[in-house]
Amino acid sequence: MEVLKEKVEEEEAAEREEAAEWPERMEKTRPAEVQKEETIMSQEMLRDLERKLSEIKVPIPAEPPAVIEDTIDISNLPPSYKTNTPKEQHLLQVADNFSRQYSHLCPDRVPLFLHPLNECEVPKFVSTTIRPTLMPYPDLYNWDGCANFVSDFLTRVPLPDPLKLPSHLYSSTTVLKQQKGNCFDFSTLLCSMLLGAGYDAYCVSGYGSQALCNMDLTREVCPLTVKPKETVKKKEKAQPKKYTIKPPRDLTSRFEHEQEIKKQEEAKAQEEKRRWEEEERLQEAEKEKPDPLHGLRVHCWVLVLSGKREVPESFFIDPFTGRSYSTQDDHFLGIESLWNHRNYWINMQDCWNCCKDLVFDLGDPVRWEYMLLGTDKPQLSLDEEEDEGLNDDDDIEDLDKETEDKSFDMPSSWVEQIEISPEAFETRCPNGRKVLQYKRARLEKWALYLKSNGLVCRLTTYEDLECTKILEIKEWYQNREDTLELKHINNSTGLHTDYFRPGHPQALRVHSYKSMQPENDRVMEFYETARVDGLIKREETPRTMTEYYQGRPDFLSYRHINFGPRVKKLTLTSSESNPRPVVKITERFSRNPEKPADEDVAERVFLITEERIQLRYHCRDDHITASKREFLQRSEVDSKGNKIIMTPDMCISFEVEPMEHTKKLLYQYETMMHLKNEEKLSKHQAWESEQEVLEILKLREEEEEAHTLNISIYDTKRNEKSKEYREAMERVMHEEHLRQVEAQLDYLAPFLAQLPPGEKLTRIQAVHLRDECLSDFKQRLIDKANLIQARFEKENQELQKKQQWYQENQVTLTPEEEDQYLSYCSQAMFRIRILEQRLNRHKELAPLKYLALEEKLYKDPRLAEFLKVLQ
Amino acid sequence: MNRIYNSVEPRVMDDDMLKLAVGEQGPQEEAGQLAKQEGILFKDVLSLQLDFQNILRIDNLWQFENLKKLQLDNNIIERIEGLENLTQLVWLDLSFNNIKVIEGLDTLVNLEDLSLFNNRISKIESLDALVKLQVLSLGNNQIDNMVNIIYLRQFKCLRTLSLSGNPITQAEDYKIFICAYLPDLVYLDFRRIDDHMKYLAETKYQYTIDELKHQEHVRQTKLEEKQAQQAKLEEHKMAFVEHLNGSFLFDSMYTEDMEGNKLSCLPIVGELLEPLTYRDKFVIICLNIFEYGLKQHEKRKLELDTFHECVQEAIQENQEQGKLQIASFEEKHLLNLSAIREESDLPSIEKKIVECSENITELFNVLMTLEMQLVEQLEETINMFERNITDMVGLFIENVQSLYPFCNDLENHHHEKLLEISISTLEKIIKGELDEELPDDVRTLFVDKDTIVNAVGASHDIHLLKIDNREDELVTRINSWCTHLVDKIHKDEIMRNRKRVKEINQYIDHMQSELDNLECGDMD
């Protein structure tokens with residue numbers, strides 16, 4: 001190891017030297033470069049330029065190699081990381097020249113970010129650090145997936161100096177390994193992924209706001225808290241038809257109406273003003289302090305241009321947060337330069353108004369100064385764009401080819417292929433956990449299966465900016481066996497709401513409650529298609545229970561139950577439940593199209609304590625009133641002592657169209673009997689509903705307690721059962737394979753090899769062959785037996801020796817030595833026993849094996865024809 | 001058939017017998033007491049059992065309008081009769097009787113289960129009306145011809161058939177034959193038909209069945225075609241231009257025109273062709289009228305549809321408003337009533353009752369206002385529609401009347417030519433220059449000038465009359481249609497209004513009386 005380290009150090013030293021020599025070499029190559037320029041510049045300019053250039057000192061990376069996290073093990077990195085190819089050298093020269101000209105022409109602008117050092121202290125051009133890669137995960141095919149992944153996967157390290165460009169730019173592979181980096185590392189990785197996915201993406205070096213550079217989201221509203229705006233559908237007003245009736249004449253005073261409107265408007269305006277002021281005040285309070293370094297903070301982000309992948313409009317992506325911003329956003333204060341894997345452009349536009357006025361037409365040489373001529377952005381001529389677009393589809397494959405095609409092109413990337421292991425992809429954040437602080441909100445994320453209860457995300461919303469008073473908590477779960485998806489806790493009202501995916505054993509969809517105690521306020525919603533009774537929703541208050549149904553064959557759509565106070569039971573011994581007495585049951589039914597409206601009950605009310613039943617029927621299509629009927633259940637006794645079965649005053653009815661048969665007592669009696677039955681059933685239903693609530697609550701508690709997680713059968717890593725099965729299968733396969741190999745072992749091969757090849761066997765040869773083979777096998781069996789015998793004897797001898805030695809020295813032995821001896825003895829005895837067994841087994845099996853081989857040789861196709869004759 | 005019943009006196013189905021049966025089979029226990037108290041109306045009875053009653057003649061059943069199930073088994077009935085009114089009947093049991101012919105079942109369209117077991121029937125017939133028939137029991141009869149089975153093919157719902165004990169069952173391929181010809185049958189003679197049997201039957205009678213099917217199909221298509229034609233004609237009639245899409249009118253002109261027909265035999269008359277024949281021209285004009293009529297019909301239909309739609313919408317909206325008013329009133333009213341019940345102070349009760357009745361009056365006013373408003377609105381719309389439809393009809397008539405004169409002109413022209421030819425022919429005949437031989441009856445016309453002129457004139461008159469008649473018919477019919485339509489709309493609207501007012505009044509009366517009852521109850 002030490003040698004290795006020395007070697008590395010030597011290498012580093014050599015590289016450093018090399019780096020120091022750089023400027024000199026630059027000097028040498030310069031004239032040639034300048035001559036190239038002659039065609040463009042006048043002689044005078046050239047001279048002037050030469051003079052100026054000689055004055056200019058080439059900017060050498062000012063800082064000594066920054067204090068890099070010493071954990072990078074560069075010894076394992078491939079050579080492309082440690083050296084530069086001639087082409088890259090050439091590129092670096094070009095870049096240096098470019099940089100010199102630039103600083104000459106724009107002396108007041110800061111130097112460019114062209115070739116920072118990589119982790120091996122080798123200068124590398126920024127464009128070659130971008131390695132376009134398409135990730136094998138479907139989630140990373142779109143820009144938002146990529147951006148979110150990068151922002152989650154890496155941890156932010158602040159720039160050494162927030163006002164200066166960094167001296168180093170690591171390769172994406174190293175950054176991924178370390179899982180941390182600065183904004184340039186973030187952007188390079190993201191840009192590589194986006195280019196791989198086919199986007200027209202660029203790394204942008206420029207200036208950002210303080211919040212942006214420090215990844216400070218505390219002024220941002222959390223995207224999860226923003227409610228999606230409901231699209232208000234405007235009802236299309238039907239075209240008034242020819243015979244549409246005219247509205248009734250309006251007899252109100254128009255003047256009064258106008259006055260009213262005026263008044264309302266005034267009130268509205270006042271309200272508006274007040275609200276506006278309020279908002280203003282709030283915003284004032286939330287406004288951040290002015291940043292003294294505003295506009296100077298260096299930042300790097302990603303620009304995605306419109307055109308490819310159906311991107312309709314160019315936008316920025318902040319790699320820290322993974323959020324997209326419009327190119328007009330206030331956070332982005334200026335652009336120095338931008339680059340992709342092909343070329344490097346300098347912004348020649350004025351950034352006095354942030355990035356709002358910038359035009360991202362990279363083909364316009366007035367606005368964007370490009371570095372390499374070969375790969376010009378063909379944005380100016382629209383016809384070529386399409387061809388380019390077609391070619392760009394297989395950018396990555398063609399990269400090498402293209403570079404050869406053109407006069408001077410960007411060398412291919414020196415960075416190794418970017419790889420993300422499935423484990424790392426699933427874990428996402430370092431250690432699988434990430435916390436983000438937003439304005440009045442805090443977002444925590446966890447990797448799948450990290451938390452034992454399946455928690456993957458928690459959003460805490462606060463009332464105040466300092467985040468002390470919790471307003472509400474939302475927790476997202478995944479892979480829960482009870483299909484719990486989201487838990488929403490409202491701190492101010494104490495209301496808990498659980499949301500479930502389809503598949504809960506009780507078909508639960510939403511459960512909102514304040515306490516898990518039964519007979520409290522709660523609402524349960526169900527997946528009605530999964531339930532036999534078609535229940536959609538059940539609402540409970542301490543005294544009522546309301547159920548909503550859908551799609552039932554009896555057309556029941558609503559049931560409301562009022563409970564009375566619980567009657568105390570005198571006998572304490574009875575352990576059975578004591579249900580609350582039902583006071584009133586209201587049931588509503590939807591229209592049954594098969595019955596006439598006058599016979600189709602719309603609502604029935606059982607007033608159980610008053611012994612009354614009220615019926616309301618459906619309204620006929622062309623009527624505005626509906627029939628009603630009320631039954632009084634009285635079991636009275638008349639003057640003669642006979643039980644009164646039914647009297648006309650026990651049923652009060654109003655009928656829209658009086659019918660003959662309904663007036664009959666018999667009909668009324670039968671209806672009442674039927675209703676009495678129904679009442680019993682409804683009461684039973686109410687009791688069952690209560691029981692079900694209890695059951696669900698119990699089940700929920702158990703589920704919360706256990707919180708088992710589901711593992712997909714396709715998850716080969718976590719699914720223990722399938723893993724075991726797979727391993728067993730593999731073992732079986734392996735054994736099978738071994739057996740096959742054994743079966744295919746050719747006994748005759750060594751003997752056949754002795755014969756001259758290509759000749760046919762004669763009978764004598766065959767017999768000879770067989771005998772030879774058999775005798776050889778016999779010999780081997782004997783050898784084996786001898787070997788075992790020899791070992792057995794050897795062990796025996798040793799043991800005897802040891803025993804002898806023990807008996808001689810028994811007195812002088814220390815307890816440890818005695819122990820040692822004893823353990824040796826037992827081991828030796830074990831070995832001897834095993835050897836004995838083996839020997840015996842061998843003796844038993846050897847003749848059988850011999851016979852088996854003989855049999856086999858008889859059947860061998862090569863010898864069979866000769867040997868058959870023999871027999 | 002010697003039955004033991006023959007020794008007993010046959011009984012008549014009189015009122016007492018029916019009452020007794022109804023009473024016995026009606027509701028029992030408590031409900032039975034009520035039923036006795038009130039009496040049961042025959043038309044409320046749903047099921048009636050009259051077995052072993054020795055009935056000879058079915059009678060007195062006309063009151064049982066809603067009867068669903070009737071059992072008349074084990075009697076001595078000889079004819080199926082007196083069942084015409086029992087149209088709701090689903091189940092009819094006439095087994096163990098002396099019926100010889102199936103008859104009198106034409107009105108029982110809802111019948112699903114018919115049992116004629118153990119009778120003397122020899123032919124399956126007169127069942128065409130029973131389209132819903134599912135179970136047919138004809139065992140122990142005298143059916144002896146396989147053709148009867150084919151008759152049963154028309155019952156698409158028939159699943160169970162019983163024919164055991166008939167001579168027909170003696171035939172060796174009886175079962176297979178039935179399975180083949182009634183493939184939808186599930187049970188035959190109380191046993192389920194298995195798939196193997198079905199397969200056998202299918203293969204054995206494949207050709208005959210296919211042929212039968214083909215015939216049935218042809219018949220079906222013919223029927224459909226006829227229906228389609230009928231429908232088209234109906235539509236044309238609605239447009240008042242039926243039979244104008246061809247030479248029908250022209251042909252009808254000649255059907256009653258003896259002289260014209262005779263004259264057309266004249267060789268030169270046949271050649272009265274210019275570029276187009278008289279007939280073709282005539283047909284073209286007819287077609288014009290026809291097309292125009294159809295177009296106008298479409299227009300009128302559209303107009304009527306929009307009108308109906310708008311009126312419906314208006315009524316619907318009005319109803320919704322009314323319902324809303326009533327619902328809000330009822331809510332308030334219920335609260336008030338319960339408050340009154342709980343109140344013990346007499347003056348305040350009275351006050352509240354007064355308040356309630358005021359509420360009722362207010363509701364009445366509101367509902368009536370809504371109704372009056374709707375009436376006004378609808379009246380306006382209806383008047384507008386009436387104006388429009390009358391205008392349309394007027395325009396149609398005008399246009400048609402401007403087209404008919406072309407027919408007349410053609411006819412006149414034709415007449416002139418015909419006359420000319422006739423006279424010239426006459427002259428030729430008189431001169432004896434005619435080359436061709438004329439039929440005798442035609443020759444009789446060419447006697448002198450008057451005769452021929454008269455004949456031609458008569459033909460012309462008949463033609464003109466026909467044309468005028470057609471025109472008049474069209475005009476009168478469309479006019480009557482128009483007036484009928486308008487009348488109907490007015491009448492409907494009036495009916496609707498009356499019904500609504502009646503409904504409102506009824507409701508208000510009920511509410512008021514309920515309140516009064518409450519008052520009385522409180523006063524006691």
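All values below come from the heavy atoms of this structure, side chains included, with hydrogens, waters and symmetry mates left out. Order of the sequence lines sets the chain letters (A, B, ...), proteins ahead of strands, with each chain counted from 1.
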At a 4.5 Å cut-off on heavy atoms, which part of [X] comes close to chain A: side chain, backbone, both, or neither?
| X | value |
| --- | --- |
| B:E330 | side chain |
| B:E313 | side chain |
| B:K499 | side chain |
| B:L367 | side chain |
| B:I382 | neither |
| B:Q321 | neither |
| B:Q377 | both |

Please rank B:N388, B:L378, B:V311 by heavy-atom pairs under 4.5 Å with chain A and give me the top one.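 Ranked by heavy-atom pairs under 4.5 Å with chain A, first place is B:N388.
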Between B:R496, B:Q373, B:K43, B:H510, which shows the greatest number of heavy-atom pairs under 4.5 Å with chain A?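 Counting heavy-atom pairs under 4.5 Å, the top option is B:H510.
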Look at atom [atom1] of [X] and say whether more than 12 heavy atoms of other residues, nucleotides or ligands are closer to it than 6.0 Å.
| X | atom1 | answer |
| --- | --- | --- |
| B:K323 | NZ | yes |
| B:W91 | CH2 | no |
| B:E317 | CD | no |
| B:H490 | NE2 | yes |
| B:D487 | CG | yes |

Evaluate A:R620 against B:E503 for salt bridge (charged side-chain N to carboxylate O under 4.0 Å, His left out), listing each step before the verdict. CA-CA 12 Å; A:R620 280 199 210 178; B:E503 190 190 345; over 6 Å; no
Side chain, backbone, both or neither: which part of A:S653 has a heavy atom under 4.5 Å from chain B?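 Answer is backbone: N, CA, C or O of A:S653 sit under 4.5 Å from chain B.
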Can you tell which part of A:D622 gets under 4.5 Å to a heavy atom of chain B, answering side chain, backbone, both or neither?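 Both parts, backbone and side chain.
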With side chain to side chain contact (heavy atoms under 4.5 Å, CB included) as the test, pick out the partner of A:I624 among B:R500, B:Q325, B:E371.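 Testing each of B:R500, B:Q325, B:E371 against A:I624, the sole residue satisfying side chain to side chain contact (heavy atoms under 4.5 Å, CB included) is B:R500.
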Spacing of CD1 belonging to B:I508 relative to OG1 belonging to A:T625, to within rounding of 0.5 Å: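 B:I508 atom CD1 to A:T625 atom OG1 measures 9.5 Å (nearest 0.5 Å).
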Would you find a donor on one side and an acceptor on the other, under 3.5 Å apart, between the side chain of B:Q506 and the backbone of A:E655?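 A pair under 3.5 Å: yes.
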